[in-house]
Structure formats: C-alpha cells, structure tokens
Amino acid sequence: MPSPRDTQPVRVRFAPSPTGLLHLGGARTAMYNFLLARQTGGQFILRFEDTDQKRYDPAAEQDLIDGLHWLGLRWDEGPDIGGQHAPYRQSERKDVYKPFAAQLLESGHAFYCFCTRAELEAKRQEQKARREQARYAGPCRDLSPEAAIARVAAGEDHVIRFKMPKEGSITVTDRLRGDITFENRNLDDYVIVKSDGLPVYHLAAMVDDHLMGITHVFRGEEWIPTFPLHVHIYRAFGWQEPEWVHLSLFLKPSGKGKMSKRDTQAMQLTGQTIFIKDMQALGYLPEAVLNWVALMGWSYDDSTEFFTLDDLVQKFSLDRLNPSNAAIDFRKFDHFNGLHIRALAPEELARRILPFFEQAGIPASLEALTRIAPLIRERMVTLDEAPEWTAFFFKDSVEPDPASLVAKDLNPAQSLAALQQAVARLEALPEWTHEAMEPPLRALVEELGLKAGQLFGILRSAIAAQPVSPPLFESMAILGREVSLARLRRALALLEQQVK
RNA sequence: GCCCCCAUCGUCUAGGGGACCAGGACGUGACCCUUUCAAGGUCAAGACCGGGGUUCGAAUCCCCGUGGGGGCACCA
C-alpha cells in the first residue's frame, strides 16, 4: 500500500523528550525519518518535546544532539540551528498552543477540569475496586461553560481535558497495520493542558506537527493506545492527518519485554549498551549501529544485509517495514561492526583507532597506524581491540615467554638451531620486505623438514611476544630490520639459556 | 482487570494462494584455507503457535483459541 505522499518531498521530524540519553530505539526512529527526508528531497526536523519540566534533564539535549551527529544524521531545522518554524523547543512555544486549546474549548471539544489529583486518585481506586475501567469520572465535563470560565477567572487551579465522545467509534489508519477501530467509550477524557498552563504531548505534538507541515509521523508502537485521541484532535481542528507510522518495539535480548533501567545497568557490566553515547567508547562504528538497527523492523530483500547510510537513503521504503517487535541481538551488532571495519580504507581505520591508542597511553602516529591497519582490519570486531593487538609495534623491546619460543614437537635445542639459521638468512637479506623474506624462510622450513607453523611460530613469538598477533612477515616489515633483528637475537639468547 | 498490537529456524528476517519438501543473516557444529588469532570459503542441524473454515490448492485470506508485547498519569 504505497502512498503517493512517500515520493513527494516529505517533512518529517524526530521529536524526543530530553529526559534521557539517546538509545537504539530513538536512533532507529531518527534514522528512518532521515532516510525518507533525504530520499524524497524533503526536510528532517529535530524538535525537543520538553513540556514536562519535572523530568527535564539538561544533559539529555546535548546527548541527543551529539548522538545524532555521531551517527551522521543531520537535520535541516532544529533547536540548535533554527528554521522556518522556530522555536523547536516546546517549552518555548507555550504561547502558540494557547489559541488552539481555546479553540477546542469553544468548539466544545474540550472542557476545563477543576478536580484535584487526590479526588481523581480516589475515583480511580473506586473504579479499580469495582473492576471497572479507570477513566475520568469527575463532574467537570458537565459544567456549563459560563460556570467553568467564572471559576477559571477566579483563579481556581485547572487543567483542560479533551471531551471524548461517549458513543460511537473511531477508525484510524496506521501505515503498517491498516485500519484500527476503537470504541470511544473505551477512551478517556485525556488532559491536554496541565495546570501549569503547558500542553501535554497529545496537544503539543499535534499542533506542532500540523504547524510545521509534518507529512509522516514515525513513533513507537507504545503510542497506539492514544493514537485515536490524536486523530480526534486532528479532526476537531479539521486538519489533514499525516501518514502515521507506528514502529515495532525493541525488546531486551531475552525477548521478554522492553528494556528497563535495571536491564540497561546489568548490560553495562557485560560491555553491552543501548546508549549511543557509550557505543563509541566500546569501539563500535556509527555505520554498524545504523546498519544493525535498520534491519530490526525493516528489510530490503531476502538476502542483502550490508548497507551504508547512502544505500539506505536510496533503498529505504515504508512498505517494507515489519510490525512485529524485535529482540535486540548484540552478537549481530558485533558481526556488522566487523563488516564495516573491513570496509574501511587503512587511513580511515587508522583515524578511527587513534583515540584508543591515545587513551591507552601509546604514542602511535597516524602514519604508523595506517601501515598497521591492514594487518588487523581482517581480525577486529571492535576498535578498542587495536591497541592490544599491536602494542608490540610501539615498544622498544619485548620479552617473550621463553616457553613460547620452543616450537611444537621440537625441543629447545632444535628450536634454537632453527632460529639461528633463520636469523642468518634474514641478516643476509638485501632488502627488508615481506616479499624478500618469505621465500628464503619457506625454503628453510623445507630444508629442516619442519612445518611452517613451527618455524614461523618461533619467529612470531620473538617478534611480538604475545600469544596471538598479526601475520609475521608484514609485522617484521613494519618493525624494520634493526628492531626485528634485535628481537630475534634476544630470542636466541633466551633459547640458549634453556638449552644449557 | 480493560483496550490495543503482534505471531516463520534460538535471534533478526524473506515470503503477501500454487515458483516453498519455506530463502538469507547472526549464532551453533564440521570441514577447507592457514605462521597464531581472526577473516574468508563449503557443508550441516534448525521454523510456518494450535484448531476450525474459505479454496482445486494456504506459511500466505477469515474466525476462534493460545502465546508474546504495549497501554491504561496534570510522562513522553
């Protein structure tokens, strides 16, 4: 069911509330918005829904902005850069909502409510005791407008509620699920303006989306229960609705429910996170985050899985969105990270791993890392592994475990003899390159009747002094003749000690 | 409890009446390659929640169960 509205330039928005850090779900929603905007030549807008001053977290705004930047999702209008419809922070738009609330009051679609929280809570308890549906049951709905206005004028505390029809039903249309019908009697007289005068999401988001010309609304499935309210509001104003796209939810790895605070904390202990901010430090690539998350709820075909952001801009389609929830699978995240690392050019990989060396206190230059990058690119899962893989390149000398210098199935004396000959051949080399050293050493393996792994294992251990390391010849070439030979001679000495 | 959404391998998914003894990927196992570790390659095991319909024919459409998930705030 493709809609012609998907191919016209769209206006979409990512509208998080600055109450917490940017996480996977938000990143996916933001990306889908971004993709559709770029694909159609439309606009992607960032808007902060901060009408709840109690939950506001000043650090969250910056985190949201930083996270989106890191992911490479740029917006065309937003609180930090302005735009045609500024401001893009709802707390700064208090005055724009007022006339709309007034209009709803006048047209009879809303009413003033003077019930206190305590009264409401008591009613809810009663309803619960009677096993009834909990919903607004106060007297204010039936107050005459004159009486209500008089009480407001007298300074009485109040909220504004949407006057939900008691009868009938409403059918709303979600892009992924089709028509959904709700009985109005199951809907509540929701508060749309709080006693502090600020609208709640239900009003603020609808007004802003309309005013900002939003054509497609992407949001999580948790909004479906209040979806009919939102459409009621649109209809009360006589506005044209956007395309509503309710995305599936991300479930915890076990598949049992949404991520809770407790879950996210437990996750950090195992090096897993749903927060974009932490992913960079853990060595993940924004490309991998995007690729991974794009495929949770969307697919291109029956086999393509590797996508860059540009690919996604080109290939994304609302019609291939999947409505069922998805359990987060971090192993797949690692897989995508490896794929994207391998897709990086050496100099680019070097640039990405440089911060990890700085953090480890290893004075590695970009030039050196660029030469080393190809050796580790094929074996890395996360960027933070780079320093441990390559630490030996940046040491003046290394101290291999003596036992590691004795090859499998050989005794120390035999290992020493093999290494002596290997060193002799290497010393005789006219030039110190991978191409120059491999043939004579392979020949030596042959002559000694050894297996390649036996001889090269000794050399690798002498050079890198770590149980696993990048390939030998490439490593020696980068290390240079002097350093390599010095390390081999040191290994010779260690072996001699074992022989006597 | 009430309302709503969803339902294919352990996980992410393809499939939108015959092309399906259900395809891909992650993970798992085996093998190949191999100087370690990876990467890469090959192969293998592994799923249509159940029951009714509709139809010549259903993973695909409908209904009922069941299961999972979400929501029921002056939060978003």
Side-chain angles (χ1 to χ4, degrees), chain A residues 15-20 49-52 54-55 113 115-117 120-121 124 127-128 131-135 157-161 174 176-177 180-183 185-188 190-196 198-202 204-205 219-228 246 248-249 251 253-258 292 295-306 320 322-336 338-339 342 376-381 385 389 404 407 441 445 451-461 464 466-473:
Chain A
S17 71
T19 53
E49 311 224 319
D50 58 348
T51 51
D52 185 358
K54 289 188 288 293
R55 294 204 309 155
C113 176
C115 296
T116 65
R117 290 165 204 267
L120 259 17
E121 188 48 41
R124 266 197 285 271
Q127 291 169 330
K128 201 173 169 187
R131 307 215 348 269
E132 282 174 13
Q133 226 175 119
R135 71 163 82 74
D157 253 17
H158 63 276
V159 299
I160 298 174
R161 289 176 180 274
D174 170 64
L176 279 63
R177 297 157 243 267
I180 306 173
T181 298
F182 293 81
E183 296 299 324
R185 68 182 144 77
N186 288 325
L187 269 17
D188 206 352
Y190 301 93
V191 169
I192 54 176
V193 177
K194 297 178 284 180
S195 53
D196 64 5
L198 278 170
V200 298
Y201 173 90
H202 305 309
R219 54 185 356 186
E221 188 191 84
E222 71 267 27
W223 287 106
I224 291 182
T226 48
F227 185 12
H246 291 92
S248 63
L249 263 23
L251 271 25
S254 64
K256 299 246 169 263
K258 291 205 294 189
W292 176 41
L295 260 12
M296 295 177 70
W298 176 84
S299 62
Y300 176 63
D301 59 18
D302 64 350
S303 55
T304 316
E305 294 225 304
F306 182 90
R320 297 196 60 89
N322 181 331
S324 42
N325 296 169
I328 296 171
D329 183 357
F330 288 98
R331 291 173 304 189
K332 199 139 188 176
F333 187 18
D334 282 341
H335 171 251
F336 278 119
L339 291 184
R342 261 155 251 135
I376 55 174
R377 185 173 53 180
E378 307 307 314
R379 31 183 65 67
M380 273 200 288
V381 172
E385 296 166 357
W389 268 107
S404 73
L441 256 20
V445 166
K451 286 179 182 162
Q454 291 176 300
L455 208 219
F456 298 161
I458 299 171
L459 295 174
R460 247 186 2 87
S461 192
Q466 47 189 52
V468 302
S469 72
L472 173 66
F473 300 119

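In what follows, chains are A, B, ... by sequence order, proteins preceding strands, each numbered from 1. Because only heavy atoms are used, hydrogens play no part in the values below, and waters and symmetry mates are left out as well, while side chains stay in.
- If A/Gln466 and A/Arg117 are placed on RNA chain B by their nearest nucleotide, the residue sitting closer to the 5' end is A/Gln466.
- Picking from B/C5, B/A76, B/A14 the nucleotide with the shortest atom distance to the side chain of A/Glu49 gives B/A76.
- For A/Ala326, taking side-chain heavy atoms from C-beta onward, the closest of the listed nucleotides B/G69, B/C12, B/C74 is B/C12.
- When the C1' atom is used for both B/G71 and B/G15, the distance is 31 Å, rounded to whole Å.
- A 3.5 Å limit on both hydrogen-bonding distances identifies B/G71 as the Watson-Crick or G-U partner of B/C2.
- Among the nucleotides B/C2, B/G70, B/C74, the one closest to any side-chain atom of A/Asn186 is B/C2.
- Nearest to the side-chain atoms of A/Ile180 among the listed nucleotides B/G70, B/C4, B/C74 stands B/C4.
- Looking at the side chain of A/Glu305, the nearest of the listed nucleotides B/A39, B/A25, B/C74 is B/A25.
- Rounded to whole Å, atom P of B/U35 lies 11 Å from atom CG of A/Leu455.
- Taking only side-chain atoms of A/Leu472, from C-beta outward, the nucleotide of B/G69, B/U35, B/A76 with the closest atom is B/U35.
- In this model, the phosphate group of B/A14 is approached by a side-chain N or O of A/Ser299 to a distance below 4.0 Å at OP1 or OP2.
- If you check every strand for non-hydrogen atoms under 4.0 Å, A/Val200 touches sugar and phosphate atoms only.
- Taking atom NZ on A/Lys258 and atom C1' on B/G68, their separation rounds to 15 Å, with Å as the unit.
- Using the Watson-Crick or G-U wobble rule with both distances under 3.5 Å, B/A7 pairs with B/U66.
- Nearest-nucleotide positions on RNA chain B for A/Ala15 and A/Pro225 put A/Pro225 closer to the 5' end.
- Set against B/G23, B/U35, B/C37, the side chain of A/Asp302 has B/G23 as its closest nucleotide.
- One cannot find a donor-acceptor pair under 3.5 Å joining the base of B/C26 and the side-chain atoms of A/Arg331.
- In this structure, A/Phe473 places its CZ atom 9 Å from P of B/U35, rounding to the nearest Å.
- Rounded to the nearest 0.5 Å, atoms CD (A/Glu385) and CZ (A/Arg379) are 11.5 Å apart.
- An OP1 or OP2 oxygen of B/U34 is reached within less than 4.0 angstrom by no side-chain nitrogen or oxygen of A/Arg379.
- With hydrogens and angles ignored, no donor-acceptor pair closer than 3.5 Å exists between the side chain of A/Glu221 and the base of B/G70.
- In this structure, the nucleotide among B/C12, B/A39, B/G70 sitting nearest to the side chain of A/Lys332 is B/C12.
- In the set B/A76, B/C12, B/U36, B/U36 carries the atom at the smallest distance from any side-chain atom of A/Ser469.
- For the pair A/Asn322 and B/A14, the criterion of a side-chain N or O lying under 4.0 Å from OP1 or OP2 is met.
- For B/A44, the paired nucleotide is B/U28, the pair qualifying as Watson-Crick or G-U wobble because both relevant distances are below 3.5 Å.
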Checklist entry - What's the verdict on side-chain contact (heavy atoms from CB on, under 4.5 Å) for A/Cys115 and A/Arg161, showing C-alpha distance, side-chain angles and the deciding distance? => result CA-CA 11 Å; A/Cys115 296; A/Arg161 289 176 180 274; 5.6 Å; no

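- B/U13 sits 14 Å from B/A59 when the C1' atoms are compared, rounded to a whole Å.
- Put simply, A/Lys54 has no side-chain N or O that comes within less than 4.0 Å of OP1 or OP2 on B/A76.
- Remark: B/U54 base-pairs with no nucleotide in the shown strands. Criterion, Watson-Crick or G-U wobble with two distances under 3.5 Å.
- The phosphate of B/A76 has OP1 or OP2 within less than 4.0 Å of a side-chain N or O from A/Thr51.
- No salt bridge links A/Glu221 with A/Lys258; every basic N to acidic carboxylate O contact stays at or beyond 4.0 Å.
- Between A/His202 and A/Trp223, the ring-plane angle classifies as perpendicular under the 30° and 60° cut-offs.
- Between the base of B/C6 and the side chain of A/Ser324 there is no donor-acceptor pair shorter than 3.5 Å.
- Between A/Asp174 and A/Arg177 there is a salt bridge, since a side-chain N of the basic residue sits under 4.0 Å from a carboxylate O of the acidic one.
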